[in-house]
Asks: 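Before I ask anything, let me first share the structure, which is written out below as structure tokens.
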Amino acid sequence: MMLTALGLMSGTSLDGVDVALIETDGRRVNALGPSGYRPYTDTERGLLRQALYEAADLPDRAARPGCLREAERVVTSAHAEAVAAFTAQHRMRFDDIDIVGFHGQTVLHRPEKKLTVQIGDALTLARMIHIPVMYDFRAADVEAGGQGAPFVPVYHRALAQSLDWEGPTVVVNIGGVANITYIDGDTLIACDTGPGNALLDDHMFRRMNQRFDTEGRTAALGKVDPAWINRALEMPFFSMPPPKSLDRNDFAGLKLGDMAPEDGAATLTAFTVAAIARVVPLLPKEPKNWIVAGGGARNLTMLRMLRECLAPATVRAADTLGWASDAIEAQAFGFLAARGLKGLPLSYPATTGVPLPMTGGIIARP
């Protein structure tokens with residue numbers, strides 16, 4: 001049975017709430033609907049940055065010390081507002097939607113401690129929007145010994161079914177953290193590769209009071225420091241085989257030193273690209289095709305560097321295939337909600353390292 005699912009995603013870039021409608025039976029994608037976006041205000045974003053800092057030493061996933069309680073309220077309200085605006089714009093009633101997939105806002109991800117924390121009150125959200133909400137997708141995987149990330153690979157595979165390409169294809173999603181899905185016939189492998197936009201965004205905010213490097217223009221004016229990148233790539237994470245995952249703050253200790261803002265942007269952009277390229281030798285075969293999604297797909301300097309670094313493979317932005325690059329993660333959590341409702345696997349041994357294919361998610365009803 002086909003379900004109309006609404007996916008909600010607030011990623012590690014802390015930019016806002018993505019909303020996307022999808023029609024699916026949890027196995028294949030029947031239709032992609034419209035998408036929407038509700039940006040966080042500067043005040044909300046500042047609160048979430050503080051929440052990331054205060055969550056660093058959380059003892060358990062239910063604890064909400066310091067500003068975390070208020071941050072959770074803000075996240076919940078922002079998601080409710082995003083759904084209300086989306087349904088009003090598209091003249092939908094709440095009973096037009098079967099299920100909402102609610103990721104929440106990750107403030108801590110420590111799978112080695114069997115701990116992953118996404119703030120957001122799903123029961124309150126369900127009551128505010130009058131639609132059943134599926135949430136807490138990652139917890140079962142982490143509790144079973146998996147990495148709890150990345151979780152979008154099953155959706156990438158569903159999208160890629162329509163592509164008649166030879167050889168392995170990799171979908172790389174560049175959000176706050178970058179992750180890849182390797183697809184080759186029945187083989188599905190996934191992992192985080194390293195920083196996506198998080199370090200670059202933080203640099204742009206600190207040095208230039210900008211939220212991100214629009215189209216990669218600042219990086220295009222700078223000079224890359226290869227020695228800095230080589231030192232950063234010595235971190236043990238980059239030589240670990242998939243599956244593996246990261247917390248947004250795992251690279252926060254890396255300091256650029258006394259670089260011009262443009263050089264820092266160029267170096268951090270090249271670092272993201274180099275980290276993605278480092279995963280290639282860890283895959284069964286060298287990919288023939290790369291599809292770039294997420295915020296990084298709008299960074300023209302990052303795309304250029306990826307094409308240079310991954311040649312002779314073909315590198316395409318997801319939008320050129322008719323995929324909505326900015327909406328893919330939101331669509332994915334609608335897809336995962338449909339799978340969760342049907343008890344289908346959300347994660348696999350080769351995507352998160354979980355011992356067996358695992359379903360997940362908890363449902364909150366209005």
Side-chain angles (χ1 to χ4, degrees), residues 11 20 22 24 27-32 35 149-175 177-197 215-216 233 238 241-245 269-332 335-336 347-352:
I22 182 172
T24 179
R27 291 182 173 85
R28 58 191 177 91
V29 179
N30 192 52
L32 298 177
S35 59
F151 251 56
V152 184
V154 286
Y155 182 61
H156 287 160
R157 181 176 63 186
L159 284 177
Q161 286 172 352
S162 64
L163 304 174
D164 187 22
W165 291 353
E166 290 186 6
T169 293
V170 171
V171 181
V172 55
N173 181 74
I174 307 177
V177 170
N179 57 69
I180 61 111
T181 301
Y182 173 92
I183 305 160
D184 187 18
D186 293 332
T187 302
L188 185 68
I189 297 171
C191 67
D192 288 346
T193 61
N197 299 312
E215 295 184 344
L233 289 173
F238 296 108
K244 54 184 177 178
S245 70
T269 302
F271 178 38
T272 293
V273 170
I276 291 168
R278 278 291 292 268
V279 83
V280 173
L282 306 175
L283 298 172
K285 300 177 187 175
E286 188 165 331
K288 295 288 185 68
N289 298 282
W290 292 75
I291 301 167
V292 185
R298 297 194 304 272
N299 185 320
L300 302 184
T301 300
M302 192 172 286
L303 277 176
R304 174 179 59 78
M305 289 181 175
L306 280 168
R307 290 189 173 106
E308 292 170 355
C309 201
L310 298 172
T314 301
V315 177
R316 300 174 176 87
D319 287 340
T320 65
L321 302 173
W323 299 5
S325 178
D326 290 339
I328 284 178
E329 283 199 288
Q331 291 169 351
F335 182 76
L336 291 171
S347 59
Y348 298 84
T351 62
T352 68

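Basis for what follows: all heavy atoms, side chains included, without hydrogens, waters or symmetry-related copies. Just so you know, these numbers come straight off a predicted model, no measurement behind them.
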Asks: Of Thr351, Asn173, Thr181, which meets side-chain hydrogen bond (donor to acceptor under 3.5 Å, both in side chains) against His156?
Replies: Thr181

Asks: Rounded to the nearest 0.5 Å, what separation is found between the CD1 atom of Ile183 and the CD1 atom of Ile291?
Replies: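 The CD1 atom of Ile291 is 7.0 Å from CD1 of Ile183, to the nearest 0.5 Å.
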
Asks: Identify every side-chain donor-acceptor pair in residues 299-316 under 3.5 Å, counting partners at least two apart or on other chains, and give the distances.
Replies:
from	atom 1	to	atom 2	distance (Å)
Asn299	OD1	Thr301	N	3.1
Asn299	OD1	Met302	N	2.9
Thr301	OG1	Gly216	O	2.7
Arg304	NH1	Glu308	OE2	3.3
Arg307	NE	Val315	O	3.1
Arg307	NH2	Val315	O	3.3
Arg316	NH1	Asn289	OD1	3.0

Asks: Just how far is it from atom CD1 of Ile22 to atom OG of Ser35, taken to the nearest 0.5 Å?
Replies: 11.5 Å

Asks: So which atom in Asp326 and which in Gly294 form the shortest heavy-atom distance, rounded to 0.1 Å?
Replies: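 Looks like OD1-O, 4.1 Å.
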
Asks: Strictly by ring-ring contact (aromatic ring centres under 6.0 Å, His included), give each pair with a member in residues 271-309 just once, sequence neighbours left out.
Replies: Trp228-Phe271, Phe238-Phe271

Asks: Can you list every salt bridge (Lys or Arg N to Asp or Glu O under 4.0 Å) pair that touches residues 158-174, not counting sequence neighbours?
Replies: none

Asks: If we only count heavy atoms from C-beta on, is the Ile189 to Pro243 side-chain gap below 4.5 Å?
Replies: no

Asks: Checking side chain to side chain contact (heavy atoms under 4.5 Å, CB included) for the pair Phe335/Leu159: CA distance, chi angles, key distance, verdict?
Replies: CA-CA 11 Å; Phe335 182 76; Leu159 284 177; over 6 Å; no

Asks: If a pair satisfies salt bridge (Lys or Arg N to Asp or Glu O under 4.0 Å) and one of its residues is in residues 272-297, list it, with sequence neighbours excluded.
Replies: Asp184-Lys285

Asks: I'd like to know whether Trp323 forms a side chain to side chain contact (heavy atoms under 4.5 Å, CB included) with Leu32, so could you lay out the CA-CA distance, the side-chain angles of the two residues, the decisive distance to 0.1 Å, and finally the verdict.
Replies: CA-CA 9 Å; Trp323 299 5; Leu32 298 177; 5.8 Å; no

Asks: Kindly write out the residues that satisfy salt bridge (Lys or Arg N to Asp or Glu O under 4.0 Å) with Arg27, not counting sequence neighbours, or none if the list is empty.
Replies: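 Once residues adjacent in sequence are excluded, Arg27 has no partner under the salt bridge (Lys or Arg N to Asp or Glu O under 4.0 Å) criterion.
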
Asks: How close do Ala297 and Val292 get, heavy atom to heavy atom, and via which atoms?
Replies: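 Minimum heavy-atom separation between Ala297 and Val292: CB-O, 3.4 Å.
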
Asks: Does the side chain to side chain contact (heavy atoms under 4.5 Å, CB included) test come out yes or no for Ile276 and Ile174, once each step is laid out?
Replies: CA-CA 10 Å; Ile276 291 168; Ile174 307 177; 3.9 Å; yes

Asks: Within the side chain of Thr272, is there an N or O that forms a donor-acceptor pair under 3.5 Å with the backbone of Pro195?
Replies: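 Such a contact is found between Thr272 side chain and Pro195 backbone.
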
Asks: Check whether Asn30 reaches the backbone of Thr24 with its side chain - one donor and one acceptor, N or O, closer than 3.5 Å.
Replies: no

Asks: Under the side chain to side chain contact (heavy atoms under 4.5 Å, CB included) criterion, do Tyr182 and Val279 qualify, and how do the steps go?
Replies: CA-CA 10 Å; Tyr182 173 92; Val279 83; over 6 Å; no

Asks: Show the nearest heavy-atom pair for residues Pro153 and Ala190, with the distance to one decimal.
Replies: CG-CB, 3.3 Å

Asks: Please check: side-chain N/O of Asp319 versus main-chain N/O of Ser325, any donor-acceptor pairing under 3.5 Å?
Replies: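 Pair found, side chain donor or acceptor close to backbone of Ser325.
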
Asks: Taking all non-hydrogen atoms of both residues, which atom of Tyr155 and which atom of Ile328 are closest, and how far apart?
Replies: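 Heavy-atom minimum between the residues: CE2-O, 3.7 Å.
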
Asks: I need the Arg157 CZ to Thr187 OG1 distance, nearest 0.5 Å.
Replies: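 Reported value, rounded in 0.5 Å steps: 10.5 Å.
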
Asks: Of all the heavy-atom pairs spanning Val170 and Pro287, show the shortest one and how long it is.
Replies: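 Heavy atoms only, the tightest pair is CG2-CG, 3.5 Å.
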
Asks: Can you name the ring-ring contact (aromatic ring centres under 6.0 Å, His included) partners of Phe151, sequence neighbours left out?
Replies: none

